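Heavy atoms only: backbone and side chains are in, while hydrogens, waters and symmetry mates are out. None of the values given here were measured: they were computed from a predicted structure.
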Amino acid sequence: MKKKIAAIALALPLFATFAIAADSSDTPQQNKMAACSKENKGLKGEEYKKAQQACLSKGATPAKATAATSPNVPPATAEKPAAQQTKMAACSKANKGLKGEEFKLAQKECLSK
């Protein structure tokens, strides 16, 4: 009986490994990233980052293309995060001195303008 239990205990991780390996397939984005990484092999630092960004931005995925053409969704811009950070910094300065719930409410009101 102990031999059977030992055999099962040893075989269980082996089967689990095969099940996990069969289930983990790469997504199209992962495949694209791997291809770009191979393409830019040998580049370093800022040059590598720029080449990767250019490679990854080629050909938008269908989900992004649909979102960008939707009438209710504004097109994504690189300036939007910077504008949000600037707005948050201005609101923080305006609400300096407030604490806790007061600060949260004032920030929420300021950022919603």
Side-chain angles (χ1 to χ4, degrees):
M1 184 69 170
K2 288 183 182 180
K3 288 183 181 180
K4 287 183 181 180
I5 293 174
I8 292 172
L10 290 173
L12 189 60
L14 182 65
F15 290 122
T17 303
F18 286 127
I20 292 171
D23 192 32
S24 64
S25 59
D26 290 344
T27 64
Q29 180 66 21
Q30 288 172 325
N31 291 336
K32 189 174 185 180
M33 289 179 73
C36 288
S37 183
K38 284 181 185 177
E39 185 179 311
N40 297 318
K41 192 172 186 175
L43 300 177
K44 295 192 184 228
E46 201 61 36
E47 188 179 357
Y48 175 81
K49 288 178 184 178
K50 287 180 181 179
Q52 279 292 94
Q53 185 177 19
C55 180
L56 291 171
S57 65
K58 291 178 189 172
T61 59
K64 287 182 182 175
T66 305
T69 58
S70 175
N72 296 333
V73 178
T77 63
E79 298 170 9
K80 194 169 187 175
Q84 180 69 16
Q85 288 176 343
T86 305
K87 192 173 185 180
M88 289 180 74
C91 288
S92 290
K93 283 183 181 179
N95 297 320
K96 192 173 185 176
L98 299 178
K99 295 190 185 237
E101 206 55 40
E102 276 185 76
F103 179 78
K104 288 180 185 178
L105 289 172
Q107 284 289 96
K108 185 176 180 180
E109 184 178 323
C110 180
L111 290 171
S112 66
K113 292 180 183 176

Identify the heavy atoms of [X] and [Y] that sit nearest to each other, and give their distance.
X: Leu56; Y: Gln29; answer: CD2-NE2, 4.3 Å
X: Asn40; Y: Cys55; answer: ND2-CB, 4.2 Å
X: Met33; Y: Gln52; answer: O-NE2, 4.3 Å

Let me confirm one number: the [atom1]-[atom2] distance from [X] to [Y], rounded to the nearest 0.5 Å.
X: Ser112; Y: Gln107; atom1: OG; atom2: CD; answer: 11.0 Å
X: Leu98; Y: Phe103; atom1: CG; atom2: CZ; answer: 7.5 Å
X: Gln84; Y: Met88; atom1: CD; atom2: CE; answer: 6.0 Å
X: Ser92; Y: Lys87; atom1: OG; atom2: NZ; answer: 12.5 Å
X: Cys110; Y: Leu105; atom1: SG; atom2: CG; answer: 12.5 Å
X: Ser37; Y: Tyr48; atom1: OG; atom2: OH; answer: 3.5 Å

| query | Can you list the steps and then say if Lys38 with Lys41 is a side-chain contact (heavy atoms from CB on, under 4.5 Å)? | reply | CA-CA 5 Å; Lys38 284 181 185 177; Lys41 192 172 186 175; 5.7 Å; no
| field | Residue Gln53 excluded, over 12 heavy atoms near CD under 6.0 Å | value |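 No.
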